[in-house]
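The structure appears below as structure tokens.
Small disclaimer: the values here were computed from a predicted structure and weren't measured. Below, chain A is the first sequence line, B the second, and so on; all start at residue 1.
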Protein chains: 2
Amino acid sequence: MQTELSGKLGIEHAVFGFTPFPAVAAAISRAGGLGVLGAVRYTAPDDLKRDLDWLDAHADGRPYGLDVVMPAKKVEGVTEADVEEMIPQGHRQFVTDTLARYGVPELAEGEASGWRITGWMEQVARTQLDVAFDYPIRLLANALGSPPADVVRRAHDRDILVAALAGSARHARKHREAGIDIVVAQGYEAGGHTGEIATMVLTPEIVAAVDPLPVLAAGGIGSGPQVAAALSLGAQGVWLGSIWLTTTEADLHSPALVRKLLAAESGDTVRSRALTGKPARQLRTEWTDTWDDPAGPGTLPMPLQGLLVADAVSRIQKYEVEPLLGTPVGQIVGRMTRERSVQAVFDDLTRGFEEAVDRINRIAGRSGQ
Amino acid sequence: MQTELSGKLGIEHAVFGFTPFPAVAAAISRAGGLGVLGAVRYTAPDDLKRDLDWLDAHADGRPYGLDVVMPAKKVEGVTEADVEEMIPQGHRQFVTDTLARYGVPELAEGEASGWRITGWMEQVARTQLDVAFDYPIRLLANALGSPPADVVRRAHDRDILVAALAGSARHARKHREAGIDIVVAQGYEAGGHTGEIATMVLTPEIVAAVDPLPVLAAGGIGSGPQVAAALSLGAQGVWLGSIWLTTTEADLHSPALVRKLLAAESGDTVRSRALTGKPARQLRTEWTDTWDDPAGPGTLPMPLQGLLVADAVSRIQKYEVEPLLGTPVGQIVGRMTRERSVQAVFDDLTRGFEEAVDRINRIAGRSGQ
């Protein structure tokens, strides 16, 4: 699976793997793809430094990347405390009541929430970048909006390609104007923040909108035939996130959550504002149902919702409160039916891709070729 | 584009075109695909007979099919008048008030609504079949649920293949148990009734679920690369509906509606219950917004909603009340930017398909082949 873009990056397969786990990112790069470490959970620069040291040491010299969340709209001088104050008391009470109804234990005194809003704020993302630019990262991806111009310049000065996620052609054109190098077309069926337009429609639309910029297809891709389909649509590579969640290298810190992922079918996800205030696809749970219930108070806009539920989500995860336990994941969760190594996923992707190419050649009457 | 299924049907391209217009169906069959005439709008058997006569005379001996709507659940002896009585007065008033707000004129005295619920009722569908079985149709498709066993038998006695639409693997397995021959995997991005699962995920899932039955992919397909993508996913053909709406052979009886379709982007559709009571993708309009507004009375279940809005939809269409004017259509509406002949659409599909196959071979390193 070689495209112009994969050739430029010096990777064997045009497969880009987004993951919050350094061990998964390293394994993706070793397997011939490009492992992209999600930085959002690193609130302390030293933690990111430690994990980038590890990733760098275990990628066997293969290229890897970093994914940050840097909102396009800059809010100067706003602290987490300021944002906390904007949350209505009724919403806080709703969280308290919901957790009480399910008997979710409190975190221990002084125990930090694992899921913090701070990673979504620009100051934190900039601190992450100051750390990351000391490493030989080859790709910098921005998950929400176009990255600021100075960040694009700093990246380009270091020969780092800049990618940004888009859910519409309009969104993708804005990215191009911001000087980025790669657009990730994130379809409706993808895990995490998504728009309404499905990968089958979105990919060729964005390819046409930003031509000649390379496009990666994201959403609904977890098998070789799906890779072949995405590349048929004009993408120069695929961006996979969900599929790695149940690899043996991943560490979700929750056997119950892994069981839920392995059992879930493609119809068991929902696009909900429950986690961040913007629509993000995730496992459908009694927690998302509670937030999406018209009889409830409804969700708050980003970043309020994320801050409101941060402790609650940490408590649900830590104590594995099954009916409420979820995670961002795409519709391909239905084919995540057993734990496999990252290498096994790659073997499956490449074998399935070759079979799909054989198939399409037969259909095109080129079987003799 | 030859698959086992297209070979069996004796068509040149594995492209199945659903359309309410006999002239479009005939042109699809002449162009080497399989034209499938939608029967739902034929409330009078003689009208269907007249149009099947025309289609048969203009298909140049090529195979064609018929699509009926036969609900899986049988409701014995229920008449349209019985159903009318179940509609709450408040909902009727809401329709009256909404139409008045937009100044929509009344139909003339005795003028029939063009959009009737009756085509959705089993008695009507059976009458349609009595007519259709006198013609050499090669495919009988059922748009909602599995067709009844006796209908499948009658079709098979006449060497007619039976297809049914499915939005999930569970749904598809039920169809297989009903003895049908082909499953149409209808993805989220498709026009008309759809589920939540996107074509990229749904197609391989249904292919695996009903193997070895052939599967047609529907939803998000309107170009050659999208055909290549769908066939890469394991489909034995593609089922296209929306793309024909703006062909020169189509007759929407509304220049304003054609203009709206040509101007619409992929994000301008919505999955709404406004038309039939079940989620169906259509142009987003002030009419769908009114029904989807939480402040309104909400939609009624099928078949009540369809009956409730039948006259209103006819009036909106007849008088081309632009803000309310819509039609079922999928997300590919964004690439329907000019009127073309059916043959021009086929030329585009086949050329784009070949280019996508070239592309995927280059990526697979088989360009020398």
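- When all heavy atoms of Ile360(A) and Ala228(B) are compared, the pair lying nearest together is CD1-O, 3.4 Å.
- The two atoms that bring Ser232(A) and Pro225(B) nearest to each other are O-CB, 3.4 Å, heavy atoms only.
- Note that CG of Leu233(A) and OG of Ser223(B) are 7.0 Å apart. Values are rounded to the nearest 0.5 Å.
- Between Ile197(A) and Glu265(B), the closest side-chain pair of non-hydrogen atoms is not below 4.5 Å.
- Under the 4.5 Å side-chain criterion, counting only non-hydrogen atoms from C-beta, Arg366(B) is in contact with Val357(A).
- Per-residue heavy-atom pair counts under 4.5 Å with chain A were compared for Gly234(B), Gly330(B), Pro294(B), and the maximum is reached by Gly234(B).
- Using a 4.5 Å cut-off between heavy atoms, Glu354(B) touches chain A through backbone and side chain atoms alike.
- When every heavy atom of Val201(B) is checked against every heavy atom of Gly220(A), the shortest pair comes out as CG2-CA, 3.5 Å.
- Heavy atoms of other residues, nucleotides or ligands lying less than 6.0 angstrom from CZ of Arg340(B) number more than 12.
- Atom OH of residue Tyr188(B) and atom CE of residue Met200(A) lie 15.0 Å apart, to the nearest 0.5 angstrom.
- Listed for the Glu196(A) side chain is no donor-acceptor partner under 3.5 Å among the backbone atoms of Val270(B).
- Side chain of Gln331(B) to backbone of Ala198(A): a donor-acceptor contact under 3.5 angstrom is found.
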Counting only pairs under 3.5 Å, give me each side-chain donor-acceptor contact of residues 205-219 of chain B, with atom names and distances, residues two or more places apart or in other chains.
{"unit_1": "Glu205(B)", "atom_1": "OE1", "unit_2": "Ser266(A)", "atom_2": "OG", "d": "2.6"}
{"unit_1": "Glu205(B)", "atom_1": "OE2", "unit_2": "Ser266(A)", "atom_2": "OG", "d": "3.1"}

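- Only the backbone of Ala235(A) comes within less than 4.5 Å of a heavy atom of chain B; no side-chain atom from C-beta onward does.
- Ranked by heavy-atom pairs under 4.5 Å with chain B, the first of Gln2(A), Glu355(A), Arg170(A) is Gln2(A).
- The candidate from Asp358(A), Thr199(A), Thr3(A), Leu202(A) with the greatest count of non-hydrogen atom pairs under 4.5 Å with chain B is Asp358(A).
- Near-neighbour residues of residues 9-17 of chain B relative to chain A, defined by a heavy atom under 4.5 Å from a heavy atom of that chain, are none.
- The residue among Gln226(B), Arg335(B), Glu4(B) with the most heavy atom pairs within less than 4.5 Å of chain A is Gln226(B).
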